[in-house]
Structure formats: C-alpha cells, structure tokens
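Structure first, commentary second.
Fair warning: this is a prediction, and the values are worked out from it, not measured in the lab. Sequence lines set the chain letters: A, B, ... in the order given, protein chains first and strands last, and positions in each chain run from 1.
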Protein chains: 2
Amino acid sequence: MDRRQRKTREAIFSAFRELLQHRRYENITVQDIIDKADVGRSTFYSHFETKDALLYAICSDIFDHIFKGDMCNYPGQTHSLEEKLAHILWHLRDHKKDITGLLSCESADLFMGYIRGYLRELFTLHLKDFNKDVPDDFLLNHLISSFCAVIKWCSDKKMEFSPEETARNFMILVS
Amino acid sequence: MDRRQRKTREAIFSAFRELLQHRRYENITVQDIIDKADVGRSTFYSHFETKDALLYAICSDIFDHIFKGDMCNYPGQTHSLEEKLAHILWHLRDHKKDITGLLSCESADLFMGYIRGYLRELFTLHLKDFNKDVPDDFLLNHLISSFCAVIKWCSDKKMEFSPEETARNFMILVS
DNA sequence: ATATTATTGAACAAGATGTTCGATAATATA
DNA sequence: TATATTATCGAACATCTTGTTCAATAATAT
C-alpha cells in the first residue's frame with residue numbers, strides 16, 4: 001500500500017476518532033472530518049464510499065482492537081464466566097475514549113452489534129451453567145441484553161466502577 | 001380549537017403513523033409526510049417547529065394512548081408484578097402497528113425512554129420483592145433494561161408470543 | 001356580513017452528501 | 001536519474017433535505 005494512502009487513511013481515522021470523543025456520529029459532518037484530517041474532499045471519498053462506510057470501518061477497527069486476541073474466548077476455559085466478564089469490562093474501560101462516542105445514538109446499534117455477537121459466543125459456551133426453566137434463546141437473549149445494559153450503564157457513569165465488582169453483581173443478578 | 005387545525009393535525013399524525021409502519025424515522029422526509037397528509041409545507045411547519053418535534057409529539061401521544069389510564073400502576077396493588085408485566089405486553093401487542101416503527105433506530109431511544117420511565121416507577125414499587133445483594137440502582141437498572149430487552153425481543157419477533165408466558169419467563173430469570 | 005384565522009403554494013436560504021475532472025505532487029520502477 | 005503511475009487537491013457542481021417567508025385564498029367564528 002502506497003505510503004500516501006496509508007497516511008491519508010490514518011489521518012481520516014484518527015480525526016474521526018477524536019471527533020467521536022466529543023460529538024456523536026450524526027453531528028459530525030464530512031467537512032469536519034476532512035478539516036481535522038487535513039485532506040481534500042475527493043480524497044476522502046476515494047477512501048470511503050460514504051460517511052457511513054467510514055463508521056462501519058471504524059467500528060470494526062475499534063472492536064478488533066479491543067476484543068481480538070484477548071484471552072476471553074479461547075478453547076481451554078481456565079477462567080470462570082465472571083472472570084471473563086470482568087476482563088471485558090477492564091478492556092472497555094481501557095478504551096474508554098474510543099467507545100463513549102460510539103455508544104451514543106445512531107452509532108450505538110452498530111457498535112453494540114459487534115459486542116452482542118461476541119457475547120453471544122461467550123454466553124453460549126456457558127449456557128449450561130444456568131439452571132433456568134425457560135427456552136434457551138430467551139435465556140441467551142436475556143444474558144446478552146443484560147450485560148449490554150451493564151456496559152451502557154458503565155459508559156454512562158464515565159467508566160468509574162470496579163470491573164470485578166460489577167461482574168460479580170451481574171452474576172448475582174442472572175444466577 | 002379550529003376544526004381546520006384539528007383536521008390538519010390529525011392528517012399529519014395519521015400520515016406519519018402510517019409511514020412509520022413501513023419505514024424508519026430517519027428515512028421519512030417532511031415531503032413524504034405532507035404528500036401523504038395532503039397539506040402544504042408551510043402548514044406542516046405552522047403545526048410543528050421541526051420534524052423532530054413531530055416525532056416527540058407522536059411518541060408522547062402513542063405512549064399515553066398505550067399506558068395512560070391502565071390498571072398497572074394504580075395505588076391499591078391488587079395485581080402481582082408478573083400480572084402487571086403481562087398486562088403491559090398485552091397492551092403493546094394490541095398496538096403492534098404503532099410501535100414497531102418507533103422501536104427502530106433513531107426513534108427507539110426516544111420511545112424506549114418513555115417506557116423506561118414507566119417501568120422505573122413500576123419496578124421501584126416492587127423493589128423489595130427482590131432479595132439480591134447488589135446496590136439498589138444497579139438492580140433497578142437491570143430490571144428495567146432486561147424488560148426493555150424483552151419488549152424489543154417481542155417486537156423483533158413480530159409480537160407472536162404469549163404475554164403471560166413471556167412475563168413468567170422474565171420473572172424466572174430475574175428472581 | 002364581517003373580521004379573524006388557517007391553509008396554500010411557490011420561491012428562497014442554508015447546509016449536507018456525494019461526484020467530476022483537470023492540475024499537481026509524491027511514489028515506484030527502469 | 002528519467003519516466004510512468006498513482007494519490008491528492010481544489011473547486012465547481014448536482015441533488016436532496018430542512019426550515020423560512022409572504023402574499024393570496026379559503027374556511028371559520030361572531
């Protein structure tokens with residue numbers, strides 16, 4: 001990949017990420033992005049078909065950055081579910097700046113979609129731990145949605161919480 | 001109120017509600033609304049300051065229509081929490097057409113906000129029923145979010161469910 | 001019958017997204 | 001180093017959307 005391309009893409013990404021820290025997606029214009037990234041309008045559109053395409057790219061990028069390669073989901077389950085959940089909350093807190101913008105309004109559904117997919121895998125592995133007389137898909141949806149609500153709650157509270165304690169409280173509520 | 005005003009307002013409301021059944025809010029333009037309602041552009045803006053103002057008005061309208069005056073929240077609690085929740089699900093199912101559009105994307109947060117407020121009151125009344133060793137606000141948030149997730153789940157499943165069974169399953173999961 | 005008020009339609013401004021294209025600069029290759 | 005390729009630039013453009021304005025007209029209340 002051409003150095004110019006790399007630099008431009010990086011400039012757009014980082015401009016967009018910075019803007020997302022202080023404003024929500026729907027209030028950020030392409031003009032804002034190219035001003036901050038200091039690239040031409042046509043250059044922007046040669047990299048991303050639409051403004052939404054950039055949002056998709058950055059969501060996927062940040063999600064991968066936070067969740068890929070961590071120890072939560074690997075085959076030899078040496079960690080308990082509670083430990084895994086605390087681990088996720090640690091990760092999210094570390095990336096506080098990147099995610100607060102993405103967890104608001106229009107972009108929230110998209111980014112939460114990634115997280116839900118991840119949680120679906122995780123809770124599916126542990127579904128047998130729960131002894132509840134309800135259909136499996138109902139239980140699974142409950143676990144995923146509840147933990148997403150916890151994430152949202154943490155985000156709203158500026159991530160000022162103890163991941164371990166929060167994970168423990170969550171486990172108390174769903175067990 | 002002038003009959004013309006009433007008619008116009010009603011035409012806009014019903015046009016908007018119909019449009020919301022097949023499209024989500026952010027894809028509906030003012031042009032679409034006034035075409036369907038068959039009113040002039042300036043008339044529209046003499047009734048509603050902005051397009052968002054119409055959304056607010058209709059959310060509040062539909063919410064009131066569904067939730068006000070029902071027996072869920074009145075002082076003499078002769079019904080159990082489970083019965084009240086089933087009751088809510090009945091109501092929502094009856095108004096399926098009106099709410100599916102409101103529960104998508106941009107408008108979802110707004111409409112869910114109304115529902116959350118209602119649920120907050122309801123669950124607060126019953127908070128002592130739950131014996132969980134977690135902070136009250138954490139528990140309350142969990143209950144509200146979980147039941148909202150149930151509502152969303154029902155809506156995604158086209159409201160093809162049994163309110164009683166769903167409420168029972170919910171109570172099993174949070175008890 | 002008259003005064004008031006609502007509606008209309010058309011034109012307008014502002015702001016956003018996305019496109020096009022010739023000129024220019026940076027990069028890779030020979 | 002010379003040359004061909006490729007990315008960027010910038011400015012203009014089309015299109016769509018929201019929201020405003022205003023004089024003419026129609027419906028309503030008194």
Side-chain angles (χ1 to χ4, degrees), chain A residues 1-61 101-102 104-110, chain B residues 1-20 22-61 101-102 104-111:
Chain A
M1 201 180 191
D2 197 306
R3 185 201 289 130
R4 287 169 297 179
Q5 273 188 309
R6 240 186 307 118
K7 278 191 168 179
T8 299
R9 197 182 165 85
E10 196 41 56
I12 292 174
F13 261 66
S14 94
F16 190 45
R17 284 164 80 143
E18 272 185 56
L19 288 167
L20 270 173
Q21 288 176 28
H22 307 292
R23 239 181 301 167
R24 47 188 49 157
Y25 174 67
E26 51 270 34
N27 296 331
I28 298 172
T29 68
V30 173
Q31 197 60 46
D32 295 329
I33 300 168
I34 65 181
D35 282 349
K36 199 168 197 86
D38 197 28
V39 300
R41 189 170 196 75
S42 44
T43 307
F44 175 91
Y45 281 104
S46 78
H47 279 262
F48 302 97
E49 278 204 342
T50 65
K51 192 187 147 198
D52 279 353
L54 170 61
L55 178 63
Y56 277 75
I58 213 134
C59 275
S60 156
D61 196 63
L102 288 177
S104 310
C105 284
E106 225 180 280
S107 50
D109 271 358
L110 185 61
Chain B
M1 200 181 191
D2 198 306
R3 185 203 289 132
R4 289 169 295 178
Q5 273 187 310
R6 240 186 308 117
K7 278 191 169 180
T8 299
R9 198 181 164 86
E10 197 40 58
I12 292 174
F13 261 66
S14 94
F16 190 45
R17 284 164 80 143
E18 273 187 54
L19 288 167
L20 269 173
H22 307 292
R23 240 181 300 167
R24 47 186 49 154
Y25 173 67
E26 52 269 33
N27 297 330
I28 298 171
T29 68
V30 174
Q31 198 59 48
D32 294 330
I33 299 168
I34 65 181
D35 282 350
K36 197 167 197 88
D38 197 29
V39 300
R41 186 169 199 74
S42 43
T43 308
F44 176 90
Y45 281 105
S46 79
H47 279 262
F48 301 97
E49 279 205 342
T50 63
K51 193 187 148 198
D52 278 354
L54 171 60
L55 179 63
Y56 277 74
I58 213 134
C59 274
S60 156
D61 195 65
L102 288 178
S104 308
C105 284
E106 224 179 280
S107 49
D109 271 358
L110 186 62
F111 192 64

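The side chain of A/Lys51 lies closest to C/dG18 when the candidates are D/dT8, D/dG19, C/dG18. Comparing D/dG19, C/dA25, C/dT7 by their closest approach to the side chain of B/Thr50 singles out D/dG19. The side chain of A/Arg41 lies closest to C/dG18 when the candidates are C/dT27, D/dT18, C/dG18. When each of C/dT7, C/dG18, D/dA11 is scored by its nearest atom to the side-chain atoms of A/Ser42, the top-ranked nucleotide is D/dA11.
As the counterpart of D/dT30, C/dA1 is assigned, both hydrogen-bonding distances of the Watson-Crick or G-U wobble pattern falling under 3.5 Å.
As rounded to whole Å, 12 Å separates atom C1' of C/dA10 from atom CD of B/Gln31. D/dT20 atom C1' lies 18 Å from atom CZ of B/Phe48, rounded to whole Å. To the nearest angstrom, C1' of D/dC13 lies 14 Å from OH of A/Tyr45.
Proximity of a side-chain donor or acceptor of A/Tyr25 to a complementary backbone N or O of A/Ala108 within less than 3.5 Å is not detected.
In terms of position along DNA chain D, the nucleotide closest to A/Thr8 lies nearer the 5' end than the nucleotide closest to the other residue of the pair B/Val30 and A/Thr8. Place A/Met1 and B/Asp2 on DNA chain C by their nearest nucleotides, and B/Asp2 ends up nearer the 5' end. Nearest-nucleotide positions on DNA chain D place A/Lys7 closer to the 5' end than the other of A/Lys7 and B/Arg4.
Here OG1 of A/Thr8 is found 10.0 Å from CG of A/Asp38. Values are rounded to the nearest 0.5 Å.
The residue B/Thr43 sits close to a base: some heavy atom pair falls under 4.0 Å. At a threshold of 4.0 angstrom between heavy atoms, the contacts of A/Asp38 are confined to the sugar-phosphate backbone, with no base atom among them. At the heavy-atom level, A/Arg3 lies under 4.0 Å from the strands shown only through sugar-phosphate atoms.
Evaluated for a side-chain contact (heavy atoms from CB on, under 4.5 Å) with A/Leu110, the options A/Asp52, A/Leu55, A/Leu102, A/Ile58 yield exactly one hit, A/Leu55.
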>> Let's go through B/Asp61 and B/Arg17 carefully: what are the C-alpha distance in whole Å and the side-chain angles of both, what is the deciding distance for salt bridge (Lys or Arg N to Asp or Glu O under 4.0 Å) to 0.1 Å, and is it a yes or a no?
In response: CA-CA 11 Å; B/Asp61 195 65; B/Arg17 284 164 80 143; 3.5 Å; yes
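The minimum heavy-atom distance between A/Lys36 and A/Glu18, with the atom names listed, is CE-OE1, 3.2 Å.
For the OP1/OP2 pair of C/dT7 and a distance below 4.0 Å, the side-chain nitrogens and oxygens of B/His47 include at least one atom meeting the criterion.
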